[in-house]
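Quick notes on the structure that follows.
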Amino acid sequence: MSTLSNDTPALPEPRVSALHILWLETLMEFRRLLRNPSFSVPVIGFPLLFYVLFTIVFNPRLPSLGVARHMLAAYTVFGAMAPGLFGLGVTLAIDRERGLLQLKRALPMPPALYLGAKLLMAGLFAAIVSLLLMVLAATLSVVALEALQWCTLFVLALFGVVPFCGLGLLIGTLVKGQAAPALLNLIYLPMSFLSGVLLRPSYHLVQLAFGVVDGEPRAGASGHVLALLAASALFFWAAYRRLRVLS
């Protein structure tokens with residue numbers, strides 16, 4: 001019976017690039033939430049429904065008055081909030097309860113890729129909502145913007161999801177899976193309809209969006225950008241500290 005000698009060279013271990021892992025993790029997170037109607041239907045459907053109802057059905061004169069541009073900007077921000085808050089907050093809280101975070105730590109995958117995939121997933125949902133809103137605005141309410149304005153508003157929606165991801169991540173580290181949706185709704189609804197009376201990211205993002213559709217930055221635009229960056233840094237820092245305690 002032949003045996004392998006000690007001099008037999010070991011086969012090289014297969015290597016998978018971090019970008020490929022990040023892509024697969026993002027795709028799985030996206031499919032996971034897209035197939036969950038309790039998440040995908042309100043996150044994608046509510047901004048479109050509210051825009052059609054309040055801009056076209058209930059107020060048919062708004063497009064002729066030019067108000068539809070501001071409604072488009074407001075609902076673009078509205079559509080960017082939910083993917084970050086609920087996509088990270090609820091799923092992270094559930095993953096903690098089910099022990100999935102411990103499993104992820106045991107896998108030979110950098111921990112940052114897990115959170116990075118959730119961020120990209122939220123960005124994908126924000127991109128889908130913003131694109132659909134723009135189609136509705138350009139066709140049904142006849143909103144006319146320059147090509148640069150359309151592109152800038154789209155980019156703003158993509159990056160505007162980041163502070164809400166940080167806030168959702170923080171909430172997901174603080175509460176259990178069953179409590180996360182209720183607490184996030186208590187934060188989400190006031191920020192949506194009261195312009196962020198207590199938590200201001202939605203207010204700053206809406207002001208930037210209004211400047212985009214108006215064709216000129218509003219006064220204090222740099223302050224709004226700095227406020228969003230500071231809020232994002234604060235939320236992610238607090239969530240990072242909390243995750244270290246949990247681990």
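Counting begins at 1 with the first residue of the sequence.
Note that OG1 of T55 is 9.5 Å distant from CG of L136, once rounded to the nearest 0.5 Å. The structure places CG of L88 at 9.0 Å from CG of L85, a figure rounded to the nearest 0.5 Å. Distance CG/L119 to CD/E29: 10.5 Å, rounded to 0.5 Å. Here CG of L169 is found 11.5 Å from OG of S232. Values are rounded to the nearest 0.5 Å. For the atom pair CG of L113 and NE2 of H20, the computed distance is 12.0 Å after rounding to the nearest 0.5 Å. Rounding to the nearest 0.5 angstrom, the gap separating the OG1 atom in T76 from the CE atom in M134 is 5.5 Å.
In this structure, the side chains of L183 and L174 stay at 4.5 Å or more apart for every pair of heavy atoms. Annotation: side chain of F154 is in contact with side chain of L131 (closest heavy-atom distance under 4.5 Å). Under the 4.5 Å side-chain criterion, counting only non-hydrogen atoms from C-beta, Y114 is in contact with L92. L103 has its side chain within reach of L100: a pair of non-hydrogen atoms, C-beta onward, lies under 4.5 Å apart. Counting only heavy atoms from C-beta outward, the side chains of F235 and C165 never approach each other to under 4.5 Å. Inter-residue side-chain proximity for V143 and Q149 is flagged as unmet; no heavy-atom pair is nearer than 4.5 Å. The closest side-chain heavy-atom distance from V43 to L33 is not below 4.5 Å. Within the 4.5 Å cutoff, no side-chain heavy atoms of V90 are placed close to those of F39.
Contact detail for G123 and L158: the closest heavy-atom pair is O-CD2, 3.4 Å. Annotation for V77 and A209: closest pair CG2-CB, 4.1 Å, computed over non-hydrogen atoms. Across all non-hydrogen atoms, the minimal contact from V161 to A80 is CG2-O, 3.2 Å. Minimum heavy-atom separation, P83 to G79: CD-O, 3.1 Å. When all heavy atoms are compared, the tightest approach of A157 to S130 is CB-CB, 3.9 Å. Listed here is the closest heavy atom pair of A117 and T26: CA-OG1, 3.4 Å.
Residues meeting the side-chain contact (heavy atoms from CB on, under 4.5 Å) test with L208, sequence neighbours left out: L156, A221, H224, V225, L228. With sequence neighbours left out, the ring pair (Phe, Tyr, Trp, His ring centres under 6.0 Å) criterion links F159 to no other residue. Evaluation of the ring pair (Phe, Tyr, Trp, His ring centres under 6.0 Å) rule for F30 yields F125 as partners, not counting sequence neighbours. By the salt bridge (Lys or Arg N to Asp or Glu O under 4.0 Å) test, R31 pairs with no residue at all, sequence neighbours left out. Under the ring pair (Phe, Tyr, Trp, His ring centres under 6.0 Å) criterion, F210 pairs with H70, sequence neighbours left out. Taking E25 as the reference, K104 meet the salt bridge (Lys or Arg N to Asp or Glu O under 4.0 Å) condition, with sequence neighbours excluded.
Residues M121 and L19 do not share a hydrophobic cluster, clusters being chains of Ile/Leu/Val/Met/Phe/Trp/Tyr side chains in contact below 4.5 Å. Note: the hydrophobic cluster containing L148 does not contain V155 (ILVMFWY, side chain heavy atoms under 4.5 Å, direct or indirect links). Hydrophobic clustering, with ILVMFWY side chains joined whenever heavy atoms are under 4.5 angstrom apart, groups L189 together with V175. Cluster annotation: F86 is connected to L49 through the hydrophobic network of ILVMFWY side chains, with a link wherever side-chain heavy atoms come within less than 4.5 Å. One hydrophobic cluster holds both L132 and L53 under the rule that ILVMFWY side chains link at heavy-atom gaps under 4.5 Å.
Counting only distance, with no hydrogens or angles, the side chain of S202 and the backbone of M191 share a donor-acceptor pair below 3.5 Å. Counting only distance, with no hydrogens or angles, the side chain of R69 and the backbone of A137 share no donor-acceptor pair below 3.5 Å. Using modelled atom types, one side-chain atom of N36 and one backbone atom of S38 make a donor-acceptor pair closer than 3.5 Å. Under the 3.5 Å distance criterion, the side-chain polar atoms of R242 are left unmatched by any main-chain donor or acceptor of L170.
Counted within 6.0 Å of CZ on R32, heavy atoms from surrounding residues, nucleotides or ligands total more than 12; the atom is thus considered enclosed. Around the CD atom of Q178, the shell of radius 6.0 Å holds no more than 12 heavy atoms that belong to other residues, nucleotides or ligands.
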Inset, instruction - Kindly determine whether F236 and V162 satisfy side-chain contact (heavy atoms from CB on, under 4.5 Å), including the steps that lead there. - result: CA-CA 10 Å; F236 279 108; V162 173; 3.8 Å; yes

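Between Y188 and the options F164, F46, F78, a ring-ring contact (aromatic ring centres under 6.0 Å, His included) holds for only F78.
In this structure, F50 and F54 have tilted ring planes: the angle between them lies in the 30° to 60° band.
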